[in-house]
Trainee: 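Let me begin by handing over the structure; questions about it come next.
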Number of protein chains: 2
Amino acid sequence: MAESHHVLIVDDDGETRELLARYLGRNGYTVSVAGDGDEMEARLAQDPPVDLIVLDLMLPGRDGLDLTRAIRVRSSVPIVMLTARGDDTDRIVGLEIGADDYLPKPFNPRELLARIRTVLRRAGRSPDSLPVQRNRLRFAGWEIDLAARDLVSPAGVNVPLSAGEFDLLAALVEHPRQVLSRDELLDLTRGRVAAPFDRSVDVQIGRLRRRLEDDPRDPRLIKTVRGGGYMLAAPVEAA
Amino acid sequence: MAESHHVLIVDDDGETRELLARYLGRNGYTVSVAGDGDEMEARLAQDPPVDLIVLDLMLPGRDGLDLTRAIRVRSSVPIVMLTARGDDTDRIVGLEIGADDYLPKPFNPRELLARIRTVLRRAGRSPDSLPVQRNRLRFAGWEIDLAARDLVSPAGVNVPLSAGEFDLLAALVEHPRQVLSRDELLDLTRGRVAAPFDRSVDVQIGRLRRRLEDDPRDPRLIKTVRGGGYMLAAPVEAA
DNA sequence: ACAATCTGTTACATAAGGTTACATTTATTT
DNA sequence: AAATAAATGTAACCTTATGTAACAGATTGT
């Protein structure tokens, strides 16, 4: 894989910051974070150099537009601006003063990833980092190819999974014999945090079990840890 | 990326000129500016040659239509015309006398970028279509020649694809095992951004699957990632 | 001019994923 | 041990995303 790009996230909300940092990190980027303009400036002055900035429009003190203008005085580093939905004016102003793209909130982290890739590609910084061409793992007789997104049963049959089921299984397989909380699983699979009475993970786990377990009532592969979360019980090895 | 294209911006408003110059510059173009017809003529007479002209319709002295006619007498350089919104007549006249596209003001710079890319590609000067003699790749038994634009099935038969289908497949093959959003695919294949309820990518993917997949209902090669986009599941290697 | 092809749009069917409600299980308290 | 509380399992429902047939305008070839 080519050398990873360095992305700087500037947002005053710590949770958003952490979430994006983890999400982008998982997807091959080196990530730094800053909570305001001063932290951003400090980070920009350091090594390694920043390849792209994700900048929240609404910030305490100097806002995103101010900061963009300030950056543009001395640098052409690509900027992706996060804006409140429906505020076309700000978006256009943002682009005019030098942002390279914008993304209305709330957004899907995947979408941000796509924009970042596009902007970096257009900026011609370096060729797209090559995706992992091969990433196969084996557990309890099953074989999963994380790159091709398919799953083969011990009997050798290809088992179709929905996108959500696959993501969930991938998260478990990448952390074998480790209890993952619902929050962690949501973060790993959807890049979001849990809502108050969020049961979506439980339901998806149920659906996954129906496809993987001989007897979904007595799960051997995906175990429940009461008060903790779920875990993949089998050991995982490279295939 | 190949050598950058040279774009000439002709607008009497200095601020707009600067904004566009910076924006296009950031996005990989070499930019010159002119404030009126005379400056434009002067610039066209110089080196390096201009690959595309962004021309404001409303100009003091000779207007955009006049200038377009004058340019067309001796050159077929692509022209993108900027017009006031709602003036259909002018747009149509502009296109008739030789502009390649128009953009109503006020516009989003990103949109202008997309138009420029499309027009350049159409004009056959885009880096994408530059002199690659041979560029063959292999995936899942298939062989595709991006330069000759043909595709050979695992059985050795040449499979005819329409231009759009080929472009789409080429985009997927050039980013193997990477989820590409509908937006990215549109950008890569058509150089445009998605309209609100744009389903054209989905439809083309469907058509492509009918030609490549054994069972289009259970796609192994071109996978759907819900909420994400599509991806080529097979690894790709040079042939 | 006509036919054939291509491509985007529309409309509708299907599928996925989330939310909710309630059943069931497990833990805690009395 | 029974009662209570809390966590988990899951069916049913609803919203949204995707698949695709049918259509229409545009383009290309004859």
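Any value given below was found using the heavy atoms of this structure, including those in side chains, with hydrogens, waters and symmetry copies removed. Labels below follow one simple rule: chain letters A, B, ... track the order of the sequence lines, proteins then strands, and each chain is numbered from 1.
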Trainee: Is the distance from OP1 or OP2 of D/dA7 to the nearest side-chain N or O of A/Tyr230 less than 4.0 Å?
Mentor: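 False: A/Tyr230 side-chain N/O out of range (4.0 Å or more) of D/dA7 OP1/OP2.
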Trainee: Look at A/Asp187 together with A/Arg22 and state whether they make a salt bridge at an N to O cut-off of under 4.0 Å.
Mentor: yes
Trainee: Among the nucleotides D/dG9, D/dG19, C/dG8, which one has an atom lying closest to any side-chain atom of B/Gln204?
Mentor: C/dG8
Trainee: Rounded to whole angstroms, how far apart are CZ on B/Arg211 and P on C/dT5?
Mentor: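 So the CZ-P distance, B/Arg211 to C/dT5, works out to 11 Å.
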Trainee: Quick check on salt bridge (charged side-chain N to carboxylate O under 4.0 Å, His left out): which of A/Arg117, A/Arg115, A/Arg110 does B/Glu184 satisfy it with?
Mentor: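 Exactly one candidate clears the test, A/Arg117.
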Trainee: Would you mind reporting whether A/Leu146 and A/Phe166 have side-chain heavy atoms less than 4.5 Å apart?
Mentor: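 Yes. Closest side-chain heavy atoms under 4.5 Å.
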Trainee: Starting at atom CG of A/Asp198, determine the distance to atom P of C/dA21, rounded to an integer number of angstrom.
Mentor: 15 Å
Trainee: Please tabulate, one pair per line, each protein N/O and nucleotide N/O from nucleotides 20-22 of chain D that are separated by under 3.5 Å, including the distance.
Mentor:
unit_1: D/dA21; atom_1: OP2; unit_2: B/Arg210; atom_2: NH2; d: 3.4

Trainee: Would you mind reading off the distance between B/Leu161 atom CG and C/dT7 atom P, rounded to a whole angstrom?
Mentor: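 Rounded to whole Å, this separation is 10 Å.
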Trainee: If you look at every heavy atom in A/Leu221 and A/Ala234, which pair is closest and at what distance?
Mentor: CD2-CB, 3.9 Å
Trainee: With no hydrogens and no angle check, is any side-chain donor or acceptor of A/Arg177 less than 3.5 Å from a backbone partner on A/Ala233?
Mentor: yes
Trainee: On a plain distance test, is the side chain of A/Arg226 in donor-acceptor contact with the base of D/dA6 below 3.5 Å?
Mentor: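 For A/Arg226, whose side chain was compared with the base of D/dA6, there is a donor-acceptor pair (under 3.5 Å).
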Trainee: Are B/Val7 and B/Asp51 side-chain neighbours, meaning at least one heavy-atom pair lies under 4.5 Å?
Mentor: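 The answer is no, as the side chains (C-beta and beyond) never meet within the 4.5 Å cut-off.
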Trainee: Rounded to whole Å, please give me the gap between CG in B/Asp218 and P in D/dT18.
Mentor: 18 Å
Trainee: For B/Lys223 and C/dA15, give me the distance from atom NZ to atom P, rounded to whole Å.
Mentor: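 Result: 18 Å.
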Trainee: Rounding to an integer number of Å, can you tell me how far A/Leu169 CG sits from C/dA16 P?
Mentor: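 Taking atom P of C/dA16 as the reference, CG of A/Leu169 is at 16 Å.
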Trainee: Between B/Pro219 and A/Pro219, name the one whose nearest nucleotide on DNA chain D is closer to the 5' end.
Mentor: A/Pro219
Trainee: Could you tell me the separation between the CZ atom of A/Arg149 and the P atom of C/dA16, rounded to a whole number of Å?
Mentor: 13 Å
